[in-house]
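Below is one structure, written out as structure tokens, with a few remarks after it.
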Amino acid sequence: MTINQPSIEERLSRLETLFVNVGEKVAEHDGNIDVLVANIQQLTENVNTLAEQAATDRQELRNSVNQILNYLRDRNGGSPPPQI
């Protein structure tokens, strides 16, 4: 029983075709990866901006609450405002 095996040239040709196909797929995915990286960078910048804004808003709220508490304390003759 003899099995016909492909020649070395045929095997090399098949491998070359496979490598070309893999290279094309890698090139396609490389473009997609570049887009994803850009999107992640933009999202990171947006999150950082929102975090900074939230920190500013929290500080402004603290300042407002302290002003209200100071006003109430001063109106109450220096005593802390009544507990509700």
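For the numbers below, each heavy atom of this structure counts, side chains included, while hydrogens, waters and symmetry mates do not.
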Could you tell me which residues satisfy side chain to side chain donor-acceptor pair (under 3.5 Å) with Gln53, sequence neighbours excluded, listed by chain and number? Asp57
Check for me, please, whether Leu61 and Leu69 land in the same ILVMFWY cluster - side-chain distances under 4.5 Å, paths through other members count. yes
Sidechain-backbone polar pair: Glu10 side chain, Ser7 backbone, donor-acceptor under 3.5 Å: yes
CG/Leu50 to CD/Glu45 distance, rounded to the nearest 0.5 angstrom? 12.0 Å
Nearest heavy-atom contact between Arg14 and Pro6 is NH1-CG, 3.8 Å
N/O donor-acceptor pair under 3.5 Å between Ser13 side chain and Glu9 backbone: no
Val20/Glu24 under side-chain contact (heavy atoms from CB on, under 4.5 Å): CA gap, chis, key distance, verdict: CA-CA 6 Å; Val20 167; Glu24 289 172 357; 3.7 Å; yes
Between Asp30 (side chain) and Val26 (backbone), is there a donor-acceptor pair under 3.5 Å? no
In chain order, what residues pass the side chain to side chain donor-acceptor pair (under 3.5 Å) check against Asn46, with sequence neighbours excluded? Gln42
Could you measure the distance from the CD1 atom of Ile8 to the CZ atom of Arg11? Nearest 0.5 Å is fine. 7.0 Å
Taking atom CD of Gln41 and atom CG of Leu36, what is their separation to the nearest 0.5 Å? 11.0 Å
Name all residues meeting the side chain to side chain donor-acceptor pair (under 3.5 Å) criterion together with Asn63; count only those two or more places apart in sequence or in a different chain, and write none if there are none. Gln59
